[in-house]
Amino acid sequence: MAIPQTFIQELLARADIVDIVGRYVQLKKGGANFMGLCPFHGEKSPSFSVSPSKQFFHCFGCGKNGNAIGFLMDHAGMSFVEAVQDLAQQFGMQVPQEDASPQDRARAQEQKEKQHTLTSVLEKAGEAYRRQLKDAPRAVAYLKGRGLSGEVAKRFGLGYAPEGWRSLASVFPQYDDPLLVESGLVISNAEEGSEEKRYDRFRDRVMFPIRNIKGECIGFGGRVLGDEKPKYLNSPETPVFSKGRELYGLFEARAHLREKGYALVTEGYMDVVALAQLGFPNAVATLGTACTPDHVQKLFRFTDAVVFSFDGDSAGRRAARKALDGALAYASDVRSIKFLFLPEEHDPDSFIRAHGTEAFAQAVATATPLSRFLVEAASEGCELHSAEGRAHLSSNAKPLWSALPEGALKLQLLSEIADLVQLNTRELSQLWLPGQGYAGGAARKTEKSTKPRGNWDDAAPGTRTWSPYGARGRAPTRAGLRAQPASRAEHAARILLAQSHLWASLSNEDQAMLCEQPAPLSQLFVWLESQLHEHGPLNWTALRGEMAGQDFEDLALRLMGGATVPSEHSEEAALDLGDVLKRLSIDRLTAHMTAIAAQVADPEVRQRYRTLETRKKALIEELESVKLV
């Protein structure tokens with residue numbers, strides 16, 4: 001769905017960022033701005049500033065900044081389109097769809113109204129289940145037996161579904177309402193020639209409301225109090241609930257994911273609640289299904305580190321293998337994915353109670369990284385002392401390795417797998433990519449590349465000109481060469497327009513930094529992200545067709561130099577993009593330091609200055625280390 005830029009500008013003009021942020025962060029007036037504790041990282045003194053005049057937020061501690069839409073994307077984990085829709089709804093505005101027919105718009109509006117109605121029905125049922133819990137001593141005793149406090153039960157909205165077959169009839173007088181069946185609360189059996197029979201889906205179970213990222217109830221999970229089967233029962237697929245996309249506990253864990261620095265993915269909702277009680281409120285769980293790419297993508301909206309926790313038995317290993325498949329496409333160089341295997345006799349709850357929170361935290365810290373688990377999974381069943389076994393490993397590893405995004409991790413794994421199968425990197429890349437090879441990896445394995453990777457001249461920060469031919473080289477004059485970008489941000493735009501899949505490999509901070517560039521670059525990056533959310537990675541030809549009539553169209557055409565885009569290795573483009581983003585970050589940190597330098601007598605400002613200085617120094621060291629490779 002393409003949203004007109006004029007609408008986005010009107011929406012931001014109506015929204016007051018102080019009100020939007022103030023719903024999630026306690027703000028206090030401090031001079032011309034409002035200050036508060038940053039919701040994106042843990043801190044004791046406020047360094048999070050919101051400017052009513054600029055309609056902009058910025059944290060001097062972690063560097064997060066943006067407008068009202070960017071705040072909703074970062075804090076609530078929404079996509080660009082979801083954030084625009086949520087903000088528009090708050091102001092009673094209808095989001096226009098440039099590429100939708102009147103029929104499509106009518107269907108979309110009807111679906112939206114249906115979803116709102118279903119969530120209202122589910123919310124009403126959830127309130128009834130919570131009331132029932134107070135009068136259900138068996139259910140209360142079960143929860144207390146699992147070590148849960150009333151505070152945690154309230155935070156997760158736990159309830160109880162009574163034993164009766166039609167208990168919800170007292171909550172919904174119109175028990176024959178089709179919405180009860182469509183929401184999954186009621187089961188309808190109507191055999192041909194006989195009267196329809198209706199009864200409650202959930203009976204005599206502790207109830208766990210499943211909430212979407214906005215906090216709306218979209219379904220339930222129910223657990224029996226004894227040993228009856230099935231032990232766990234989830235809502236069926238409905239217009240508002242898809243178990244392949246939703247994660248239990250994500251709404252409750254959002255802030256804690258940033259505080260703890262990682263998401264802990266478990267196998268059940270009882271694990272999530274128990275872990276929250278025991279000091280790990282950053283846990284989430286899949287809902288009776290294997291971890292999917294949609295699950296992983298949703299988690300990476302909130303954090304750059306994910307740890308999957310599984311039982312150490314064969315079933316746990318199989319579940320981990322499926323999670324690996326779902327995570328590979330998101331294993332970029334700026335993200336961490338690990339796999340934690342507990343002893344067979346333990347789940348996270350029992351392990352912590354037996355060994356303590358510190359032991360569990362240590363187990364998380366030393367969990368198996370994705371790179372090692374990938375090799376272990378590919379090696380399973382292969383006898384590496386024989387040529388046949390090594391060939392089997394190569395065959396197993398190829399689809400796993402191919403699913404990884406381009407970058408240093410992929411290059412290193414190519415080298416590691418080549419060593420295991422007793423081939424050099426060039427031979428393995430030629431085997432896996434016949435006629436193409438993996439030039440970037442092969443070159444780094446066998447010899448240093450002499451191809452210059454570009455240079456920045458010595459102009460003032462923010463205005464330096466990038467040249468892909470080095471400081472002393474001259475640009476070729478052959479026909480069809482694209483116009484060189486005039487700034488670092490424009491160079492990043494050119495790379496992303498040619499290799500749009502690289503956007504998903506960027507950290508949340510880098511994405512926000514690009515979306516906050518001066519117009520029309522900011523509009524281009526925001527639009528590019530929305531296109532990726534809606535359609536996935538698109539090549540330049542497809543993007544050019546989609547952007548017709550946009551304010552930034554002329555800029556994009558100038559950067560790309562026409563419709564023809566020469567073939568590029570994504571690995572080389574990824575390296576260049578990483579380089580330019582580091583330099584952009586250094587420029588931004590320098591500007592922030594300059595802005596507060598006159599106030600360093602203030603202890604808090606001095607601490608912020610030192611934090612920024614440390615981050616800048618680290619980035620410079622990273623750039624210097626690349627030069628030495």
Side-chain angles (χ1 to χ4, degrees), residues 17-77 253-263 281-282 300-305 334-336 461-462 506-517 581-623:
I17 194 169
V18 176
D19 289 340
I20 302 300
V21 175
R23 295 170 189 171
Y24 305 93
V25 180
Q26 186 175 356
L27 298 173
K28 291 183 178 180
K29 194 80 163 67
N33 298 332
F34 289 80
M35 301 294 295
L37 295 176
C38 179
F40 303 114
H41 79 286
E43 62 178 7
K44 295 182 179 179
S45 59
S47 62
F48 184 78
S49 172
V50 181
S51 170
S53 60
K54 297 180 180 178
Q55 287 295 299
F56 201 74
F57 73 89
H58 174 72
C59 177
F60 291 96
C62 67
K64 283 280 188 183
N65 53 71
N67 57 25
I69 294 174
F71 180 83
L72 291 175
M73 291 172 66
D74 286 335
H75 187 267
R254 292 175 308 163
H256 303 291
L257 297 182
R258 300 185 179 96
E259 178 187 333
K260 292 285 187 179
Y262 68 95
N282 54 321
F300 279 127
R301 293 182 186 176
F302 295 92
T303 180
D304 289 328
V334 296
R335 292 171 177 158
S336 169
L506 304 184
S507 67
N508 293 337
E509 183 176 354
D510 283 342
Q511 290 179 355
M513 178 174 64
L514 292 175
C515 289
E516 290 144 15
Q517 293 296 312
L581 289 175
K582 286 185 178 70
R583 295 178 185 275
L584 267 173
S585 296
I586 291 171
D587 286 346
R588 186 175 64 164
L589 290 169
T590 301
H592 293 167
M593 292 166 65
T594 302
I596 65 173
Q599 307 169 41
V600 291
D602 184 323
E604 289 189 7
V605 175
R606 184 163 59 250
Q607 182 58 43
R608 291 179 205 160
Y609 189 93
R610 288 173 179 169
T611 301
L612 295 172
E613 190 174 39
T614 300
R615 293 179 63 224
K616 178 181 175 180
K617 183 179 179 181
L619 287 171
I620 292 173
E621 289 175 349
E622 288 180 27
L623 286 173

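Just so we're clear, the structure is a prediction, and the values are computed from it rather than from any experiment.
Leu37 is not listed as a side-chain neighbour of Val25, based on a closest heavy-atom distance of 4.5 Å or more. When side chains are defined from C-beta on, Ser51 does not count as touching Ile17, because their heavy atoms never get closer than 4.5 Å. Taking 4.5 Å as the limit, some side-chain heavy atom of Leu27 sits within range of a side-chain heavy atom of Val21. By the 4.5 Å heavy-atom criterion applied to side chains, Phe57 and Val18 are not counted as neighbours. In this structure, Arg588 and Leu584 have side chains that are not in contact, with every pair of non-hydrogen atoms separated by 4.5 Å or more.
In this pair, Phe40 and Phe71 present their aromatic rings perpendicular. The plane angle is above 60°, beyond the 30 to 60° band.
Partners of Lys616 by side-chain contact (heavy atoms from CB on, under 4.5 Å), not counting sequence neighbours, listed by chain and number: Ile586, Leu589, Thr590, Met593, Ile620.
Under a cut-off of 6.0 angstrom, the local environment of NZ in Lys28 is sparse, with at most 12 non-hydrogen atoms contributed by other residues, nucleotides or ligands.
For the atom pair CZ of Arg254 and NE2 of His256, the computed distance is 10.0 Å after rounding to the nearest 0.5 Å. Rounded to the nearest 0.5 angstrom, Ile69 CD1 and Cys515 SG are separated by 10.0 Å. If you take CD on Glu621 and CG on Leu619, they are separated by 9.5 Å, rounding to the nearest 0.5 Å. Put simply, CD on Gln511 and CG on Leu581 are 10.0 Å apart, with the number rounded to the nearest 0.5 Å. Here the CD1-CZ distance, from Ile596 to Arg606, works out to 11.5 Å after rounding to the nearest 0.5 Å.
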Inset, instruction - Give the intermediate values and the outcome of side-chain contact (heavy atoms from CB on, under 4.5 Å) for residues Leu72 and Ile20. - result: CA-CA 8 Å; Leu72 291 175; Ile20 302 300; 4.3 Å; yes

Inset, instruction - Show your reasoning for whether ring-ring contact (aromatic ring centres under 6.0 Å, His included) applies to His58 and Phe56. - result: CA-CA 7 Å; His58 174 72; Phe56 201 74; 7.4 Å; no

Inset, instruction - Applying ring-ring contact (aromatic ring centres under 6.0 Å, His included), run through Phe48 and Phe34 and close with a yes or a no. - result: CA-CA 8 Å; Phe48 184 78; Phe34 289 80; over 10 Å; no

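Contact detail for Pro39 and His75: the closest heavy-atom pair is CB-CD2, 3.6 Å. The nearest pair of heavy atoms linking Gly261 to Thr303 is O-OG1, 3.5 Å. The two residues Ala253 and Pro281 make their nearest non-hydrogen contact at CB-O, 3.4 Å. The two residues Gly61 and Thr611 make their nearest non-hydrogen contact at O-CG2, 3.7 Å.
Distance alone, capped at 3.5 Å, places no donor-acceptor pair between the Gln26 side chain and the Gly22 backbone. Between the Asn282 side chain and the Tyr262 main chain, a donor and an acceptor come within less than 3.5 Å of each other.
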